[in-house]
Amino acid sequence: MPATIAVIYNQPAASPYCDRNEQAAEDGVLIETAAVEKALNSLGYLTSKIPLTLPLEQAFSKLSRITADIVFNLFEGFSGFPETEALIVKQLESLKLRYTGSPSTALKLALDKAATKTLLQQEGIRTPAFQLLDEATLCDFKLNFPCIVKPNAEDASHSLNVKSVVYDYDSLKKMVSEISEMYGEKALVEEYIDGREFNMTVMGNDIPTTLPISEICFSLPEDTPKILSYEAKWETESIYYKGTLPHCPADLEPDTDRKIIEAGLKTYTLTGCSGYARIDMRMDEHGNMYVLEVNPNPDISPDAGAAIQAAASGMSYNDFIQNIMQLAMERDFGY
């Protein structure tokens, strides 16, 4: 009898992102869910879709009624409550359900960018120098300009725009105030690495492997900071979207290729990822590699970076989804 799969995802709803014209990132999960379900059905699995909505207790109740063999986890956190991404997986674990992707501990860690960066530093993995700042602590600023200012606990490039890279104290103060007020917490301020940007999908449980590396090829106006802004990911007619195209596999010197793979694998293992994750990096003018972010359970829509890298390795989209399923089947959950 074919295995049964419950596909869980967050049902898009009105949120603070609507007011900031950033709802596209939330709605994208529907495209991802439809593609994954189609692939699973093509592979012979019996599927059911389970949209999750607030309140959290109602979502937990839905999870408690799951009887499928595997939960395919596409849940990205409720709009405006990113911490719920890890809470939903923690509930799957308490129910002893098998699921795809990373455990709740890895999801919780990755959502706290400052905590992730501190861990990387402790283990000798380069990451840009950073501070958590708000208006009350701006007097403690001690980094070198330029800097990039972003939320500490958001993904999908929310609130990243052309103003996020700051070159002086007045601009820093304005952006820190804006971000800390918007999200109700200190802003993450990092030294900006103006160099080549790469990302790589890592797959596996105890023995992870890497997919081909992508390089973001920047072709932006001269006075525009080279970042993957919200526009670059979600607004297809924007200068940023058209000027930040990925090239996969990247054209790399052997030494650069080695540095990216070594940093990616070490970061994946150190942060407790499982199944699949994307590691974002930048290389400075001296060839030093810096890990920018860890993205457990990244977007796996057919046109997303992870799927593009899988295709570059020779996998069809169905193969890619089957590999994610296989890793969930093989993983020792300890239940």
Side-chain angles (χ1 to χ4, degrees), residues 10 15-17 22 25-26 56 73 75-94 101-138 140-143 147-160 164 175-193 199 202 227-228 230 233 263-264 266-282 290-299:
N10 42 295
S15 74
Y17 300 124
E22 292 186 353
E26 306 305 302
L56 194 57
N73 179 27
F75 181 75
E76 299 176 349
F78 292 122
S79 297
F81 302 95
E83 71 280 2
T84 55
E85 181 179 16
L87 291 176
I88 286 294
V89 175
K90 189 172 182 179
Q91 186 68 9
L92 293 176
E93 292 162 350
S94 70
S102 285
S104 61
T105 49
L107 294 169
K108 182 179 179 180
L109 174 63
L111 189 62
D112 187 337
K113 294 180 174 64
T116 302
K117 289 165 67 66
T118 297
L119 178 62
L120 295 176
Q121 288 180 334
Q122 290 170 345
E123 295 300 320
I125 300 173
R126 284 193 179 91
T127 187
F130 73 99
Q131 290 181 268
L132 286 174
L133 297 172
D134 57 16
E135 285 189 275
T137 57
L138 265 171
D140 298 328
F141 175 73
K142 57 185 178 184
L143 302 175
C147 291
I148 183 167
V149 185
K150 54 180 130 175
N152 185 52
E154 287 284 341
D155 57 12
S157 290
H158 282 299
S159 296
L160 267 184
S164 297
M175 283 306 301
V176 165
S177 299
E178 183 177 310
I179 293 296
S180 57
E181 181 179 346
M182 189 179 297
Y183 292 96
E185 62 177 13
K186 292 181 177 180
L188 177 67
V189 182
E190 295 179 331
E191 290 187 359
Y192 172 66
I193 308 296
N199 64 73
V202 182
I227 60 172
L228 276 177
Y230 181 87
K233 291 186 177 179
K266 189 173 181 180
T267 297
Y268 184 89
T269 301
L270 179 64
T271 54
C273 294
S274 190
Y276 60 105
R278 193 188 74 245
I279 316 295
D280 300 340
M281 305 178 218
R282 278 214 174 181
Y290 292 81
V291 173
L292 301 181
E293 288 192 20
V294 182
N295 296 275
N297 300 8
D299 185 0

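For the single chain, residues carry numbers from 1 onward in sequence order. Keep in mind that the numbers below use all heavy atoms, side chains included, and drop hydrogens, waters and symmetry copies.
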Rounded to the nearest 0.5 Å, how far apart are [atom1] of [X] and [atom2] of [Y]?
X      : Y      : atom1 : atom2 : value
Asn295 : Asn199 : CG    : CG    : 8.5 Å
Lys113 : Leu132 : NZ    : CG    : 11.0 Å
Leu188 : Ile179 : CG    : CD1   : 10.0 Å
Met175 : Leu133 : CE    : CG    : 13.0 Å
Thr116 : Phe130 : OG1   : CZ    : 9.5 Å
Phe75  : Asn297 : CZ    : CG    : 11.5 Å

ask   = Asp134 and Thr137: side-chain donor and acceptor closer than 3.5 Å?
value =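 On atom types as modelled, these side chains qualify, holding a pair under 3.5 Å.
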query = Do Ile148 and Val189 come within less than 4.5 Å of each other through their side chains, counting heavy atoms only?
reply =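 The answer is no; the side chains never approach within 4.5 Å.
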ask   = Would a 4.5 Å heavy-atom cut-off, applied to side chains only, mark Tyr290 and Thr127 as touching?
value =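 A side-chain contact under 4.5 Å is absent here.
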query = Is the closest basic N to carboxylate O distance between Lys150 and Glu293 below 4.0 Å?
reply =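 Counted as a salt bridge, because a side-chain N and a carboxylate O are separated by less than 4.0 Å.
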ask   = Got a salt bridge between Arg278 and Asp280, using NZ or NE/NH1/NH2 to carboxylate O under 4.0 Å?
value =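 The answer is yes: the pair qualifies as a salt bridge.
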When you measure from the side chain of [X] to the backbone of [Y], do you find a donor-acceptor pair of N or O atoms at a distance under 3.5 Å?
X      : Y      : result
Thr84  : Phe81  : yes
Asn152 : Ala114 : yes
Glu83  : Gly77  : no

task = Report the C-alpha distance between Glu185 and Ser180 in whole Å, list the side-chain angles of each, state the deciding distance to 0.1 Å, and finish with yes or no for side-chain hydrogen bond (donor to acceptor under 3.5 Å, both in side chains).
result = CA-CA 5 Å; Glu185 62 177 13; Ser180 57; over 6 Å; no
Where is the tightest heavy-atom contact between [X] and [Y], given as atom of each residue plus distance?
X      : Y      : value
Leu87  : Leu56  : CD1-CD2, 4.0 Å
Ala277 : Pro296 : CB-CA, 3.8 Å
Ala153 : Pro82  : O-CG, 3.2 Å
Tyr276 : Tyr268 : N-OH, 3.5 Å
Ala86  : Ser104 : O-CB, 3.5 Å
Gly272 : Ala106 : O-CB, 3.4 Å

inquiry  = Go through it in stages, so that I can follow the logic: the residues are Leu109 and Leu119, the test is side chain to side chain contact (heavy atoms under 4.5 Å, CB included), and I'd like the CA-CA distance, side-chain angles, deciding distance and then a yes or no.
reply    = CA-CA 10 Å; Leu109 174 63; Leu119 178 62; 3.8 Å; yes
Residue among Met281, Arg282, Arg126 satisfying side chain to side chain contact (heavy atoms under 4.5 Å, CB included) with Val291 =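 Of all the options given, the one that passes is Met281.
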request  = Could you please spell out the steps behind the side chain to side chain contact (heavy atoms under 4.5 Å, CB included) verdict for Val202 and Cys273?
outcome  = CA-CA 9 Å; Val202 182; Cys273 294; over 6 Å; no
query = Checking side chain to side chain contact (heavy atoms under 4.5 Å, CB included) for the pair Tyr192/Cys147: CA distance, chi angles, key distance, verdict?
reply = CA-CA 5 Å; Tyr192 172 66; Cys147 291; 5.6 Å; no
key: salt bridge (charged side-chain N to carboxylate O under 4.0 Å, His left out) partner of Lys117, the single match among Glu190, Glu191, Glu123   =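 Among Glu190, Glu191, Glu123, the one meeting salt bridge (charged side-chain N to carboxylate O under 4.0 Å, His left out) with Lys117 is Glu190.
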